There are 2 protein chains.
Amino acid sequence: MNPAPPNPTVNAPASGAAASPTPAASGSAAGSPTFSPLYQQIKALITQSLQSGEWKPGELIPSEVELAGRFKVSQGTVRKAIDELAADNLVMRRQGKGTFVATHHEARAHFRFLRLVPDEGVPHYPESKFIDVRRVRAPADVARLLDLKSGDAVIFIKRVQSFDAVPTIVEELWLPGLIFKGLTAERLVEYKGPMYGLFETEFGTRMIRASEQIRAVCADAGAAELLHIASGTPLLCSERVSFTYGDKPVELRRGWYLTTRHHYQNELN
Amino acid sequence: MNPAPPNPTVNAPASGAAASPTPAASGSAAGSPTFSPLYQQIKALITQSLQSGEWKPGELIPSEVELAGRFKVSQGTVRKAIDELAADNLVMRRQGKGTFVATHHEARAHFRFLRLVPDEGVPHYPESKFIDVRRVRAPADVARLLDLKSGDAVIFIKRVQSFDAVPTIVEELWLPGLIFKGLTAERLVEYKGPMYGLFETEFGTRMIRASEQIRAVCADAGAAELLHIASGTPLLCSERVSFTYGDKPVELRRGWYLTTRHHYQNELN
DNA sequence: GAGTGGTCTAGACCACCGA
DNA sequence: CGGTGGTCTAGACCACTCT
């Protein structure tokens, strides 16, 4: 056992009972056993339940005391695990009510990934117009970023987003065909709200984090036409890969942003 | 008293002794008294000591038990306060050694604000060449962003930064003259390493966080010459305001980044 | 009032560091 | 070895929400 002496359940080398096996968290190759703290193991167990859909987005998860009983640890340990999950935006705590599985269906979450905001006026969500939705074979670069094999089936989506009827964003998305089987133009068009919300409820795939690379480029003819601007206008170009549980890449999104009346807002902390 | 019953020191309406007055944290206008938890008050007290320079960047601060004794609270409460300070990057914990005041003189900190990295190869710090350093009166827009009055003295700095001898960044900085009195071109040139390090050690002003707005623009004649590129080349344009303690703005930095072989890297969490 | 998360305490032991 | 932060527990009370 690792830190707490009077508790022989989770990290124990061999203990009989309880609902959670988890020899877990040992890099046990040789020399150093590399133990991990109890609360990290609890966090991993809870994360598994989230990933498996045992508790769905927006739902209430069991209370701290109940989880403490289930895992045979103190409430404080569960608390620390959930604290981290909340910091990771996997879960949301609400005093007096309980802890809820985080969801992209919330005003709060809408601007976590969309960082383009109007220079003046309040941030709001743009309107989408879909240009293209089709099943294709993954080009090499897309396959590499999505951890697929070149030629694997992917879904390609192209759309234009407008703020106050002014076209401002051209976006191309690539999604693994296996995961997003059955995603059609109709589903996309009829669905109102952020796409990540649809992915979450319709395909059980929740975006956890993303990595973005940003450049300045000249608008090519295609983008220029869609955005009603002169070819050659400078655009902000973003390439973003989004990840679900287990750091699995599940979306590649290339965006071209018109930044004459909008800007990309970033907070450095 | 607020949460803890057996402890009449920090938040107490009127208590005699102890080194920390702090009636603190009450929005006491009318109706709701708006108490704040003990650990938040401890956090505020420690932050004051950091701001006042009682413990300088890089130095060791008193141990948790000592602070607990000083503030007459439990170690757990001090711990939670320091946990938040560490999350805010004001302080750095090192097991077995102690807690240190964070500093910008560390490889770790160098890329917290500089997000432009080479497309290939390892991130590294660019070389600076200073074009201009002078005392001027603040234009209206600069004054507004730095919370000064139009016409107040400010220091203007212009420089070019190069990666592997390739000029890549043009930067213009505006600093409040009052705070950075005595900042000269010589000091800047002789100083090696990140400018925030110099600000911290030479002027006692530590940058805590920053807010950045990013756009795509065309290179004007001046930038084009400095970066050895054609006028009109698309550049990534960033306007950043940095803040010290108390959310006081103390730097305006406008940057133009050449993104042909570099990109702005951002993690969305 | 019962149940939830939020705060606070006290005490134990562990992992790491330096002398 | 003693000192530091890191983990874990157990129990108390507070603030909030709903019924």
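Lettering follows sequence order; numbering is per chain, from 1. What you see is a predicted model; the values in this text were computed from it and never measured. The figures here come from the full heavy-atom set of this structure, side chains too, leaving out hydrogens, waters and symmetry mates.
Taking atom CZ on A:F100 and atom C1' on D:dC18, their separation rounds to 11 Å, with Å as the unit. As rounded to whole Å, 13 Å separates atom P of C:dT4 from atom CZ of A:R79. Atoms CD1 (A:I61) and P (C:dG3) sit 18 Å apart, rounded to a whole Å. For the pair B:L67 CG and D:dG3 C1', the computed distance is 14 Å after rounding to whole Å. Whole-Å rounding puts the B:E64 CD to D:dT7 P distance at 11 Å. Summarising the geometry, the separation between CG on B:L60 and C1' on D:dG3 is reported as 11 Å, rounded to the nearest angstrom. Straight-line distance from the CD atom of A:Q75 to the P atom of C:dG5: 8 Å, rounded to whole Å. Taking atom CZ on B:R94 and atom C1' on C:dC17, their separation rounds to 11 Å, with Å as the unit.
There is no side-chain donor-acceptor pair under 3.5 Å between B:Y257 and B:Q161. Between the side chains of B:E200 and B:T103, a donor-acceptor pair is found at a separation under 3.5 Å.
Looking at the side chain of B:K97, the nearest of the listed nucleotides C:dG18, D:dC8, C:dG5 is C:dG18. The side chain of A:P37 lies closest to D:dC8, out of C:dC8, D:dG5, D:dC8. Side-chain proximity of B:T77 to the nucleotides C:dT9, D:dG5, D:dC8 is greatest for C:dT9.
Note on B:S74: every side-chain N or O is 4.0 Å or more away from OP1 and OP2 of C:dC8. Considering only side-chain N and O atoms, A:K80 lies nowhere under 4.0 angstrom from the phosphate OP1 or OP2 of D:dC8. For B:T99, no side-chain nitrogen or oxygen approaches OP1 or OP2 of D:dT4 to under 4.0 Å.
Surrounding CD of A:E54 are more than 12 heavy atoms belonging to other residues, nucleotides or ligands, all under 6.0 Å away. Residue A:E59 places its CD atom among more than 12 non-hydrogen atoms of other residues, nucleotides or ligands, all under 6.0 Å distant.
Comparing B:P62 and A:Q95 along DNA chain D, the residue whose closest nucleotide (by nearest heavy atom) sits nearer the 5' end is B:P62. Remark on DNA chain D: of its neighbouring residues B:S63 and A:G76, the 5'-side contact belongs to B:S63, judged by nearest-heavy-atom nucleotide.
Judged by the 6.0 Å and 45° rule, A:R94 forms a cation-pi pair with A:F100.
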